[in-house]
Enquirer: 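This is the structure, below, for whatever I ask next.
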Amino acid sequence: MIEIPKTYDPKEAEQNHYARWEERGYFAPEINQDPDAPVFTIVIPPPNVTGSLHMGHALQHTMMDVLTRYKRMAGFRTLWLPGMDHAGISTQLMVTRQLKKEGLSRHDLGRQKFEERVWLWKQEYGGQILKQIRREGASVDWSRERFTMDENLSRAVREAFVRLYDDGMIYRGNRIVNWCPHDQTVLSDLEVLREAQKGKLYYLRYPFKNGAGSITVATTRPETMLGDTAVAVNPKDERYSEMIGQVLMLPIVNREIPIVADDFVESEFGTGAVKVTPAHDPNDYEMGVRHNLEQIAVIDQFARMTEAAGADFAGLDRYKARELVIEKFEALGLLEQVVDYEFAISKCERCKTVIEPLTSTQWFCRMDKLRDLALTSLREDGKPRFVPQVPYEKVYSDWLENLRDWTISRQLWWGHQIPAWYTSDGEIIVARSFEEAKQKAGTDQLTQDEDVLDTWFSSALWPFSTLGWPEETEDLRTFYPTSVLITARDIIFLWVSRMMMTGLKFMGREPFADVYVTGTVLDKHGQRMSKTKGNGIDPLDVFEKYGVDATRLTLASVGATDTRWSERQVESYRNFANKIWNAARFCLMNSDGAESISQPFAGDLPLHDRWILSRLNKTAREVNAQLEQYEFHGVVQTLYHFFWDDFCDWYIELSKATVTAETESPERGIARARLISVLEQSLRLLHPFMPYLTEELWQKLPVEHAQLLHSAYAGAEPTIMLAAFPQCDNALVNDSAESEMQAVIDLVSRVRNIRSEMNIKPGERIQLMIAANPGLQTVFTASADQITRLTRASHLSIDGNAAMPKASARAVLSGGAEVAIPLEGLIDFAQERERLLKEKDKLQKEGAKLEAQLGNQDFVERAPAEKVEDLRARLTDIAQRTVALDQMLEALS
RNA sequence: GCCCGCUUGGCUCAGUGGUAGAGCACUCGCUUCACACGCGAGGGGUCAAUGGUUCGAAUCCAUUAGCGGGCACCA
C-alpha cells in the first residue's frame with residue numbers, strides 16, 4: 001500500500017521534475033530514436049529581452065507546450081525552439097535610463113562602449129523571462145536557444161539585407177517618415193498608434209498676391225503653415241475653379257505660393273481648400289511630389305522650429321509656435337474662426353510622444369513583390385491556414401493588399417547595423433561584411449551607415465535564421481517549415497506577415513503551415529490588461545496560489561476567444577487537480593497485488609470494465625481529434641468530464657467493492673490492476689495540459705514504466721513525457737456496453753432521486769424492487785451487487801412482473817423497467833401521487849412535442865428516415881412509460 | 001468613414017441545423033472506509049430584437065440595437 005497526502009501540493013511536483021526533464025535531454029529532438037519519425041516544430045515568438053512574463057505569454061506558451069508534449073508523446077521528432085528578441089528601442093531606453101542615473105548619456109560613452117554596456121545589461125538583467133518560461137513547464141529545447149543578436153542570426157540579417165538590396169527590394173531614399181522626437185528615431189507605420197484627440201480646427205485666411213481678397217484654409221496644425229508651399233483645391237470644385245493657378249501671399253513668411261488642383265482634396269471638408277506642407281504631412285508630401293512643390297522643413301528632429309521657420313520662430317517648441325502663429329494671424333485679421341474638433345493623432349507606440357512627420361533619408365523595403373509572394377501563397381496553396389480562419393485570414397490579406405513600403409532603418413545604436421558603406425564620393429556599397437564592401441568598392445576609405453535595422457527585420461527571419469540559415473544545416477532541412485505558429489492577434493502584421501514574406505522569398509516555402517491566433521485574457525471588467533492601467537494579473541502569482549497545472553488548464557480553455565479573467569475558474573481547475581490526486585490516492589492505497597498483473601484486461605470483462613474501456617478510447621479519439629484541430633477549450637472539457645464523471649464518479653465507485661475487498665484474491669488483484677491501468681492512461685491523456693501533476697503520480701504507479709514509453713523513446717529513463725499518447729483502439733469502443741451501463745446509471749440515479757425526495761436518510765438501507773424486460777433484467781442482475789451498493793439497498797429483487805406493494809415510492813425508467821422502494825408506514829400517498837403526476841406531466845409535454853412533429857407530413861417526408869425513426873422510438877417509449885405511470889397512479893387511489 | 005467579432009441560466013463561458021450544456025453561485029441532504037478543493041439530489045435559460053430561408057433555426061441569411069476590436073491620407 002502506497003500512502004500519499006490527502007491534498008495535492010503543486011509546489012513539490014513543480015520543484016521535482018523540470019530540472020530532471022531538462023538535464024536528461026527530454027526536450028531536445030535528439031531524444032527520438034526513430035529515424036523515420038515525423039517532425040513537429042514550433043519556434044517561440046521571441047519575447048523581448050527586456051520583458052517579463054505576462055498572461056499573454058503564459059497563454060501562448062501553454063498552448064505551444066500542450067501541442068509539443070502531445071506530439072512528442074505521439075512519437076514525433078519534436079522541437080520547440082526558445083529564444084529572445086533584442087528589442088532595439090526598449091532595450092536601448094532601458095540602458096539609457098540606467099546611464100542617466102550615473103549622469104551619463106550614450107554619447108558620453110560612444111557607440112562601441114554603449115553596445116558593450118547593453119550586452120552587460122543583458123547578462124545581468126535581461127532574460128528574466130527565460131526563468132519564468134521554465135516555471136511554466138514549457139518543454140523548450142534550451143540547447144537551441146537563440147537571440148536575435150547572436151552572430152549567426154546577425155549574419156542571416158546581413159545576408160537577407162544584401163539579397164533584398166541586390167534584388168532592388170531595399171533602397172535608400174528621402175521620404176516623409178514617422179519621427180519620434182523623444183526616442184530620436186524614425187518608426188514604421190506599424191509602430192505608430194492612432195489616437196482620437198480633442199483639438200481645434202483653425203480657419204486661416206491666405207490673401208491673394210494681387211490683393212484681391214483671400215482664400216480660407218482649415219488646419220489642425222497652424223504652425224506648419226510656415227512651411228506651406230501651396231494651397232490645394234479639388235479640380236471639380238466650382239467655387240475655386242477660377243482660382244487654380246493663381247498666386248497667394250503666405251502670411252507671416254510672405255512667400256508666394258500657388259493654388260493647385262488635386263483630387264485628394266475633399267470639397268466637403270472645411271473650406272474645401274487645403275494648405276500644403278510637403279515637408280510635414282504625408283498627404284501634403286504626396287501632393288508636393290505631384291505638383292513639384294518645394295519642401296521646406298520648419299520643424300526639426302526635436303520638434304522645434306527651424307531657422308527656415310523664420311527668426312521669430314526658430315528654436316520654439318512646435319506647440320509654442322502654434323500659439324504664436326495664431327496670435328499673429330489674429331493680429332493680421334486673418335484668423336477667420338476656431339472650432340472644436342476631434343481628430344486622430346499619431347503617437348509613438350512605446351513612449352506615447354506625438355509623432356512628427358518629417359522628410360528624412362532612410363532605408364526602405366519595397367513590399368510589392370514580397371506581398372505578392374504572400375498573397376499567392378494564401379490564394380493558391382491556402383498557406384498559412386489561419387485558425388480561426390474568420391476573421392484572421394481576411395484581416396491578413398486585406399492588410400497585405402494595402403501594404404506600403406516599410407521603413408527599416410532606425411536611429412539607434414542597439415541592433416543590427418545596416419550593412420551599407422559609403423565611399424568618399426557618396427557611393428553606396430551594400431555588402432555582407434566590411435571585407436566584401438572593400439572588395440566591391442576597391443577602396444578601404446569606407447564609412448558604414450550609422451543606423452541599425454528595425455527589430456522586426458530580424459524577427460522576420462526567425463523561423464529559419466534560428467535553424468542556421470543561410471547555411472544549409474541539418475536543422476534547417478529537418479525542422480523547416482515549422483508546423484504551427486501560435487501568437488496573439490496584435491502582431492499578425494508586424495511579425496506573421498513578414499515571416500511569411502521572407503520565408504517565401506529566401507526559403508521558397510512558407511515558414512509555418514498553420515497560424516493559431518489565441519484569444520486575449522481580459523480583466524474582470526472586460527478591459528485589456530496593461531501596465532499603464534495596472535489591471536494586469538501576474539501569472540507567477542497565480543502559479544504560486546493555485547499551481548502551474550491548474551493555471552495551464554485555465555489558460556488552455558481560453559482558446560481563441562477573448563475571455564475575462566476569473567479566479568474562480570482557476571480554483572475549479574485546482575480542485576480538478578486535487579480530484580486527480582485523490583483518485584490516484586485511492587488507487588495507490590489499493591494497489592497491492594496489482595503489479596503482478598501484466599494484462600489486466602485480458603479475457604471476458606464485466607460490464608463496467610467494457611464500459612470504461614469504451615469511454616476511455618472514445619475520449620482518446622476525441623482528444624486526439626480536438627488537439628489536431630487546436631480545439632483547446634474542447635479538449636479540456638473532454639478530459640475534465642471523462643476523468644471526473646466517468647472515471648471518478650462511476651468507474652471507481654463500481655469497482656470499489658472488489659478493489660477494497662479485505663482478503664486477497666485474484667479478482668481483487670485484477671480489479672486493482674484495471675483501475676490503475678485506466679488511471680495511468682488517463683494521466684497520459686492529461687499530461688500535455690498538466691505536466692507536473694501527471695508526472696508526479698505516474699512515477700508512483702506500480703506499473704512497468706519502461707514498457708509504456710513510445711517506441712521512439714525505447715531505452716530512455718521512464719517519464720510520462722515520453723510515454724505513448726493514447727490512441728483510440730476501435731476494438732474497445734463498445735456502444736452496447738455504453739448503453740447497458742447507461743441503463744444502470746439511470747437506475748441508480750432514479751433511486752437516489754427517490755431517496756432524496758422522500759427524505760430517506762443516507763444511512764438508511766432500503767429495499768429495492770425492479771421489474772424489467774428480459775434484456776434489462778440480465779443487465780441489472782449482472783450488476784446487482786453494484787446497484788445494491790450504490791443505492792444503499794439492503795435487499796434487491798429483479799424480476800419480470802410488477803407486483804409492487806402499494807406503500808412504495810415508484811418510478812418508471814426508459815427502456816422498459818420500473819422500480820419500487822417499499823416504504824411501509826413512511827409513505828404519504830397524496831405526496832407520492834403528486835410526485836408521479838409531476839413525472840407524468842413532464843412526459844406528456846415531451847410526448848406532445850414529438851407527436852406534433854411526427855404529425856407534420858412535411859417532416860415525415862423530408863427529414864432523414866433515421867431521424868423520423870428516432871422520434872418514433874422515443875414516442876413509443878414515452879407512451880409505455882405513461883401507461884406504467886397510470887397504473888401506478890391507479891394503484892395508489 | 002470602412003471592415004470584423006460578440007450578445008446563451010445570477011457570473012464566466014462552451015455549443016454552430018434535429019430533445020438547450022459546463023464550471024462557479026444558489027436550494028436540500030450528507031464527517032458514505034480517495035477527495036468538504038468533496039459526495040448525492042435539485043431549482044434556474046421564449047439562446048439580444050425583428051423579419052426571412054427550412055419539414056425543422058440558439059445554430060444559416062437580412063435588418064436593428066448594445067458592447068468590443070481592427071483598419072483609415074478629410075487637412
Side-chain angles (χ1 to χ4, degrees), chain A residues 4 6-8 194 201-202 217-221 224 232 264-277 281-287 341 343-344 388 390-392 394-395 398-399 402 489-490 492-493 520 522 524 526-528 546 550 557-559 561-569 571-590 631 633-634 636-637 640-641 645 648-649 652-653 656 660 748-749 752-757 759-763 789-790 792 846 849-850 853 856-864 866-868 870-871 874:
Chain A
I4 61 175
K6 235 174 160 177
T7 306
Y8 170 53
R194 301 279 286 178
L201 189 59
Y202 302 87
V217 296
T219 179
T220 55
R221 300 198 58 194
T224 62
F264 162 76
V265 181
E266 305 276 339
S267 302
E268 295 74 32
F269 187 86
T271 61
V274 188
K275 60 188 275 311
V276 183
T277 322
D281 181 279
N283 305 310
D284 294 8
Y285 176 85
E286 298 291 333
M287 279 195 279
Y341 185 62
F343 57 99
V390 178
Y392 300 112
K394 188 165 151 43
V395 166
D398 283 357
W399 182 78
N402 298 305
R489 72 174 73 94
D490 48 5
I492 290 178
F493 308 145
T520 308
L522 307 168
K524 62 180 171 185
Q527 300 283 313
R528 282 186 86 91
Y546 296 103
S557 50
V558 166
T561 44
D562 293 357
T563 306
R564 294 173 192 218
W565 178 257
S566 154
E567 198 163 313
R568 303 272 182 165
Q569 185 82 60
E571 206 177 305
S572 86
Y573 286 124
R574 188 269 319 263
N575 295 350
F576 180 52
N578 193 242
K579 186 74 180 176
I580 297 170
W581 179 263
N582 274 289
R585 181 167 179 261
F586 174 78
C587 296
L588 289 170
M589 286 168 72
N590 298 287
E631 289 171 18
H633 181 94
V636 172
Q637 297 308 306
Y640 185 96
H641 288 113
D645 301 350
C648 292
D649 287 352
I652 289 182
E653 295 304 326
K656 222 166 212 175
T660 58
V748 171
S749 299
R752 285 169 167 174
N753 171 261
I754 291 172
R755 290 187 65 119
S756 186
E757 286 193 10
N759 290 316
I760 300 169
K761 292 275 167 254
R789 182 187 170 90
L790 295 176
R792 311 199 119 231
E846 207 185 324
K849 236 162 91 182
L850 290 174
Q853 210 173 344
N856 182 342
Q857 247 349 84
D858 287 331
F859 170 74
V860 178
E861 279 165 23
R862 300 202 193 191
E866 223 177 300
K867 193 88 254 163
V868 179
D870 183 45
L871 257 61
R874 273 161 51 201

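Side chains are part of it too, since the values below use all heavy atoms of this structure and drop only hydrogens, waters and symmetry mates. Numbers restart at 1 for each chain; the letters A, B, ... are given by sequence-line order, proteins then strands. Treat the numbers as computed from the prediction; the structure is a model and nothing was measured.
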Enquirer: Using a 4.0 Å heavy-atom cut-off, does A:Val390 contact any base of the nucleic acid, only the sugar-phosphate backbone, or nothing at all?
Expert: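 Sugar-phosphate, backbone atoms only, no base.
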Enquirer: Got a sec, which residues hit side chain to side chain contact (heavy atoms under 4.5 Å, CB included) with A:Asn575, two or more places apart in sequence or on another chain?
Expert: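 A:Asn575: no side chain to side chain contact (heavy atoms under 4.5 Å, CB included) contacts found.
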Enquirer: Considering only atom P, compute the distance from B:C3 to B:A62 and round it to an integer number of Å.
Expert: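 Straight-line distance between the two P atoms is 13 Å.
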Enquirer: Write down the atom of A:Ser557, the atom of A:His633, and the distance for their closest heavy-atom approach.
Expert: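 Smallest interatomic distance, heavy atoms only, reads O-ND1, 2.7 Å.
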Enquirer: Taking atom P in both B:G66 and B:U27, what distance in whole Å separates the two?
Expert: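 Pairwise P distance, B:G66 against B:U27, rounds to 37 Å.
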Enquirer: When you match A:Pro864 and A:Tyr640 each to their closest nucleotide on RNA chain B, which lands nearer the 5' end?
Expert: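 Nearer the 5' end of the strand: A:Pro864.
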Enquirer: Calculate the interatomic distance between A:Asp645 atom CG and B:G21 atom C1'; express it in whole Å.
Expert: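 Atom-to-atom, A:Asp645 to B:G21, this comes out as 12 Å.
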Enquirer: Going from CD on A:Gln527 to OG1 on A:Thr520, what distance comes out if it is rounded to the nearest 0.5 angstrom?
Expert: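 So the CD of A:Gln527 and the OG1 of A:Thr520 are separated by 13.0 Å.
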Enquirer: Got a donor-acceptor contact below 3.5 angstrom from the A:Asp870 side chain to the A:Glu866 backbone?
Expert: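 No.
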Enquirer: With rounding to whole Å, what would you report as the distance between B:G51 and B:G5 at their C1' atoms?
Expert: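 These two C1' atoms come out 23 Å apart once rounded.
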Enquirer: Just jot down the side chain to side chain contact (heavy atoms under 4.5 Å, CB included) partners of A:Glu846, sequence neighbours excluded, or say none.
Expert: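 Residues passing side chain to side chain contact (heavy atoms under 4.5 Å, CB included) with A:Glu846: A:Ile878.
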Enquirer: My understanding is that only residues two or more places apart in sequence, or in another chain, count here; which of them pass side chain to side chain contact (heavy atoms under 4.5 Å, CB included) with A:Thr660?
Expert: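 Result, side chain to side chain contact (heavy atoms under 4.5 Å, CB included) vs A:Thr660: A:Phe586, A:Asn590, A:Lys656.
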Enquirer: Could you give the distance separating B:G45 and B:U7 at their C1' atoms, to the nearest angstrom?
Expert: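 Each nucleotide's C1' atom is 14 Å from the other's.
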Enquirer: Rounding to the closest angstrom, what is the interatomic distance between B:U46 and B:G10 at atom P?
Expert: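 Roughly 9 Å separates the two P atoms.
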Enquirer: Between B:G23 and B:U64, how far is it from one P atom to the other, in whole Å?
Expert: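 Those two atoms are separated by 39 Å.
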Enquirer: Reading RNA chain B 5' to 3', how would its secondary structure be written in dot-bracket notation, given Watson-Crick and G-U pairs with both distances under 3.5 Å, brackets [ ] for crossing pairs and | for partners on other strands?
Expert: ((((((((.[[[[.)..(..]]]].(((((.......))))).....[[[[[..)....]]]]])))))))....
Enquirer: Measure CH2/A:Trp565 against P/B:C13 and give the value in whole Å, please.
Expert: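 In whole Å, B:C13 P and A:Trp565 CH2 are 12 Å from each other.
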Enquirer: Between the side chain of A:Arg528 and the main-chain N/O of A:Leu522, is any donor-acceptor distance below 3.5 Å?
Expert: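 No, because the side chain of A:Arg528 does not come within donor-acceptor range (under 3.5 Å) of the backbone of A:Leu522.
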Enquirer: Can you check whether A:Asp398's main-chain N or O pairs, donor with acceptor, with A:Asn402's side chain at less than 3.5 Å?
Expert: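 Such a contact is found between A:Asn402 side chain and A:Asp398 backbone.
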Enquirer: Taking protein heavy atoms under 4.0 Å as touching, what does nucleotides 66-75 of chain B look like 5' to 3' if B marks base contact, S marks sugar-phosphate-only contact and - marks none?
Expert: -----S-BBB
Enquirer: Could you tell me how far apart A:Glu846 (CD) and B:G18 (C1') are, to the nearest whole angstrom?
Expert: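 From A:Glu846 CD to B:G18 C1': 14 Å.
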Enquirer: Distance check, C1' atoms only: B:A57 and B:C26, in whole angstrom units.
Expert: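 Looking at atom C1' only, B:A57 and B:C26 are 32 Å apart.
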Enquirer: Give the rounded distance in Å between these two atoms: CG of A:Asn856 and P of B:G18.
Expert: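 After rounding, the gap between these two atoms is 18 Å.
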Enquirer: If you check every side-chain atom of A:His633, which of B:C4, B:U19, B:C13 has the closest atom?
Expert: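 In terms of side-chain proximity for A:His633, the closest of B:C4, B:U19, B:C13 is B:C13.
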Enquirer: Strictly distance-based, threshold 3.5 Å: is any side-chain N or O of A:Ser267 a donor or acceptor partner for the main-chain N or O of A:Val265?
Expert: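 Side chain of A:Ser267 to backbone of A:Val265, a donor-acceptor pair under 3.5 Å: no, none is there.
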Enquirer: Using atom CD of A:Gln853 as one end and atom P of B:G17 as the other, report the distance to the nearest whole Å.
Expert: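 Spelled out: CD on A:Gln853 to P on B:G17 is 17 Å.
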Enquirer: Quick one: does A:Ser756's side chain have a donor or acceptor within less than 3.5 Å of a partner on A:Asn753's backbone?
Expert: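 Absent.
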Enquirer: Reading nucleotides 26-39 of chain B from the 5' end, what letters show protein touch, with B for base, S for backbone sugar-phosphate only, - for no heavy atom under 4.0 Å?
Expert: ----S-S-BB-BSS
Enquirer: How long is the line joining CD1 of A:Ile492 and C1' of B:C3, in whole Å?
Expert: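 Checked: the CD1 to C1' distance equals 14 Å.
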Enquirer: Using the benzene-type ring in the case of Trp, are the ring centres of A:Tyr640 and A:Phe576 under 6.0 Å apart?
Expert: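 A:Tyr640 vs A:Phe576: aromatic centres under 6.0 Å.
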Enquirer: P atom, B:A34 versus B:G21: distance in rounded Å?
Expert: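 Going atom to atom, P in each nucleotide, I get 32 Å.
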Enquirer: What is the distance from CD of A:Gln569 to P of B:A25, rounded to the nearest Å?
Expert: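 In whole Å, B:A25 P lies 12 Å from A:Gln569 CD.
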Enquirer: Tell me which of A:Asp398 and A:Ser566 sits closer to the 5' end of RNA chain B, going by the nucleotide each one is nearest to.
Expert: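 Looking at RNA chain B, the more 5' nearest nucleotide goes with A:Asp398.
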Enquirer: Indicate yes or no: at least one non-hydrogen side-chain atom of A:Leu201 is less than 4.5 angstrom from one of A:Phe343.
Expert: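 Side chain of A:Leu201 against side chain of A:Phe343, heavy atoms only: no contact under 4.5 Å found.
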Enquirer: Does a salt bridge link A:Asp281 with A:Lys275, judged by any charged N lying under 4.0 Å from a carboxylate O?
Expert: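 No salt bridge links A:Asp281 with A:Lys275.
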